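Some notes on the structure that comes next.
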Amino acid sequence: MPRTEFISTGLYVPDRVVKNDEFTQWMDTSDEWIRTRTGITERRWAAVGQTGADMACEATKLALQRAGLKAADLDCIIYCTLSPDHFFPGTGVFLQRNLGLAGIPCLDVRNQCTGFLYGLSIADGWIRSGQYKRILLVGSEVHSTGMDLTTRGRDLAVLFGDGAGVAILGPTEADGRGVLSTHLFADGHYAELLFCDAPASARHPRLSQDDIETARIFPVMNGKEVFKHASTRMPESVRLALDTNHLAASDIKILIPHQANLRISEMVRRQLDLREDQVFNNIQRYGNTTAGSIPIALDECVQGGLLGRGDLLVLAAFGSGFTWGSAAIRW
Ligand code: ACO
């Protein structure tokens, strides 16, 4: 049976840079608070009318060009996001249309910050079984249109950024290379700890004036609980990935933790006893781009020459749901 390899990667972030200081015109916050609590100094915001599918399309064009492939070579799209362009249909079909494709399947994955790992696990199964040979795996988010930019929403508004990252995946027979394992988890007992209540088909009606006035249309988070679970679950998942493959933390060339908070990444690093150069972070420049965070970071690692053939790459994520997991990849 073949394994799944990363044929190429790509990223796109919008041009607009929003520095921490900009938030002070809307809410009671400061660059110092944001930097010391989260590590973030700036993030990108999409232009008016620029969608998640538009950003994913730009990232895909780059990945196709790097792979020497055409859009028509893709045989499946898996689109991971928590901020779909529309309630329905899924955003994958809008990306498919932007790419000038029709007919190939488009699957949307709604697993928030762990979305890219869930998508990778599905893609890996399809590729190993021979069902598809060139899967476009996407993580793309537009958060800027859904944030409460008042002091009431300051705990979340400053954390998130917009952007897209993609990977083109295919089969490899090369000895030992490719995706070695994926491990996925979820616990719905915590669903409301990082949550957006409206619009929702669980509400009657889905969206009311009251939802808007009482801010139910904006996400809410129990930051301390998220912090506690994220900094435990991610190292736990990485240890599982390593144990499953009879590897040690010292074997890791690069660990990409989901970019939620620099302090969480640092706790993950310490718990795994990793050196600083083994853990990649770029949250400082992009904020938390949720499903986009791992593929954006991965593309920067690849373009920065941090991964060579045969290196061990480990991915770990944690997010709303709660959902979490890991993947081990022999590059
Ligand atoms: N600017 C200034 N003050 C703020 C801001 C802000 N942007 N946001 C919150 N505060 C205030 C709070 O209101 C609180 O004020 P109070 O003491 O008067 O009530 C004070 O700062 C301290 O708040 P805490 O919640 O205790 O701050 P904490 O040190 O826990 O940091 C943070 C908050 C950064 C959100 C932290 O809990 C965290 O990072 N949690 C993890 C959440 C996360 O990463 N979420 C990302 C999405 S999920 C994911 O991707 C995994």
Side-chain angles (χ1 to χ4, degrees), residues 18-43 80-83 110-118 139-144 146-163 165 184-188 190-196 215 218-238 256-269 281-284 286-297 315-326:
V18 180
K19 294 199 175 289
N20 290 345
D21 276 337
E22 224 179 293
F23 285 90
T24 60
Q25 66 186 300
W26 303 303
M27 60 183 72
D28 181 12
T29 188
S30 66
D31 172 54
E32 201 260 336
W33 192 98
I34 301 168
R35 262 188 304 104
T36 53
R37 295 298 220 286
T38 71
I40 299 165
T41 60
E42 60 187 46
R43 76 286 292 140
C80 313
T81 190
L82 80 53
S83 53
R110 297 290 308 279
N111 288 80
Q112 304 68 248
C113 303
T114 321
F116 194 79
L117 289 187
Y118 271 75
S140 183
E141 304 285 358
V142 177
H143 284 300
S144 55
M147 287 294 137
D148 181 356
L149 291 178
T150 68
T151 297
R152 183 181 56 191
R154 64 183 176 174
D155 57 333
L156 276 159
V158 301
L159 296 181
F160 292 94
D162 302 340
L184 306 176
F185 303 94
D187 189 343
Y190 301 101
E192 284 85 6
L193 295 193
L194 183 49
F195 177 65
C196 192
F218 296 120
V220 289
M221 173 178 75
N222 181 327
K224 284 190 176 17
E225 282 299 306
V226 172
F227 195 104
K228 195 175 77 190
H229 285 263
S231 50
T232 329
R233 295 307 198 179
M234 282 200 279
E236 213 175 82
S237 308
V238 171
I256 301 179
H258 162 58
Q259 302 291 289
N261 181 319
L262 199 58
R263 285 160 63 213
I264 294 176
S265 292
E266 181 56 15
M267 285 187 72
V268 172
R269 184 186 77 75
N281 288 298
N282 61 7
I283 189 170
Q284 300 91 328
Y286 300 129
N288 178 346
T289 55
T290 308
S293 116
I294 287 178
I296 289 172
L315 311 175
F318 180 89
S320 162
F322 290 153
T323 56
W324 65 97
S326 65

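Model, not experiment: these values are computed from the prediction. Atoms within a ligand are numbered from 1 in the order they appear, just like the ligands themselves.
Inclusion of Val158 in the set of residues having an N or O under 3.5 Å from an N or O of ligand 1 is not warranted. Inclusion of Thr38 in the set of residues having an N or O under 3.5 Å from an N or O of ligand 1 is not warranted. For ligand 1, the polar-atom distance check finds no N/O of Ser30 at less than 3.5 Å from any of the ligand's N/O atoms.
Annotation for ligand 1: atoms under 4.0 Å from non-hydrogen atoms of Gly223 are 37 (O), 40 (N), 41 (C). Per-residue contacts place Leu159 under 4.0 angstrom from the following atoms of ligand 1 (heavy atoms of the residue considered): 45 (N), 46 (C). For ligand 1, the atoms closer than 4.0 angstrom to any heavy atom of Ala260 are 44 (O), 49 (C), 50 (O), 51 (C).
Residue contact annotation: Phe160 has a non-hydrogen atom under 4.0 Å from ligand 1.
At a threshold of 4.5 Å between non-hydrogen side-chain atoms, the residues Phe116 and His258 do not count as touching. You'll find the side chain of Thr38 stays beyond 4.5 Å of the side chain of Ile283, heavy atoms only. Residues Asn20 and Trp33 fail the side-chain proximity criterion, which asks for heavy atoms closer than 4.5 Å.
With a 4.0 Å cut-off on non-hydrogen atoms, His258 touches ligand 1 through its side chain and not its backbone. Neither the backbone nor the side chain of Leu156 has a heavy atom within less than 4.0 Å of ligand 1. At a heavy-atom distance under 4.0 Å, no atom of Thr290 approaches ligand 1. At a heavy-atom distance under 4.0 Å, only side-chain atoms of Asn288, from C-beta outward, approach ligand 1. Residue Cys113 touches ligand 1 through its side chain alone, judged by heavy-atom distances below 4.0 Å. With a heavy-atom cut-off of 4.0 Å, Thr29 touches ligand 1 through backbone and side chain alike.
Within 4.0 Å of atom 29 (O) of ligand 1, at least one protein heavy atom is present. At least one protein heavy atom sits closer than 4.0 Å to atom 9 (C) of ligand 1. By the definition of a contact as any protein heavy atom under 4.0 Å away, atom 14 (C) of ligand 1 is not in contact. Within a 4.0 Å radius of atom 37 (O) of ligand 1, the protein contributes at least one heavy atom.
Atom 27 (O) of ligand 1 has its closest protein heavy atom at Arg37 NE, 3.8 Å. Protein heavy atom closest to atom 26 (O) of ligand 1, with residue, atom name and distance, is Lys224 NZ, 2.4 Å. For atom 51 (C) of ligand 1, the closest non-hydrogen atom of the protein is Phe318 O, 3.0 Å. At the top of the distance list for atom 48 (S) of ligand 1, counting protein heavy atoms only, stands Leu194 CD2, 3.1 Å. Nearest protein heavy-atom neighbour of atom 39 (O) of ligand 1: Asn261 ND2, 2.5 Å. With respect to atom 12 (C) of ligand 1, the closest heavy atom belonging to the protein is Arg154 NH2, 3.9 Å.
Between Glu266 and Arg269, at least one side-chain nitrogen of the basic residue sits less than 4.0 Å from a carboxylate oxygen of the acidic one, meeting the salt-bridge criterion. Between Lys19 and Asp31, none of the side-chain N atoms (NZ, or NE/NH1/NH2) sits under 4.0 Å from a carboxylate O, so this pair counts as no salt bridge.
Judged by distance alone, with hydrogens and angles left aside, the side-chain atoms of Thr151 form a donor-acceptor pair with the main-chain N or O of Asp28 at under 3.5 Å. Remark: side-chain polar atoms of Asn261 are paired, donor with acceptor, to backbone N or O of Arg263 under 3.5 angstrom. Under a 3.5 Å cut-off, the side chain of Thr114 and the backbone N or O of Leu117 do not form any donor-acceptor pair.
In this structure, of Phe23, Phe227, Phe322, Trp33, the residue bringing a heavy atom nearest to atom 33 (C) of ligand 1 is Trp33. Considering only non-hydrogen atoms, atom 42 (C) of ligand 1 lies nearest to Met221 out of Met221, Glu225, Arg263.
Distance OG1/Thr290 to CD/Gln112: 8.5 Å, rounded to 0.5 Å. Atoms OG1 and CG, from Thr289 and Leu159 in turn, are 12.0 Å apart once rounded to the nearest 0.5 Å.
Paired with His229 under the rule ring pair (Phe, Tyr, Trp, His ring centres under 6.0 Å), one option of Phe185, Tyr190, Trp324 passes, and it is Tyr190.
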Test side-chain contact (heavy atoms from CB on, under 4.5 Å) on Ile34 and Arg43 and set out the steps.
CA-CA 12 Å; Ile34 301 168; Arg43 76 286 292 140; 4.0 Å; yes
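Thr41 and Gln284 form no side-chain donor-acceptor contact under 3.5 Å, judged by distance and modelled atom types alone.
Pairing each heavy atom of Phe318 with each of Cys113, the nearest pair is O-CB, 3.2 Å.
Taking Phe23 as the reference, Trp26, Trp45 meet the ring-ring contact (aromatic ring centres under 6.0 Å, His included) condition, with sequence neighbours excluded.
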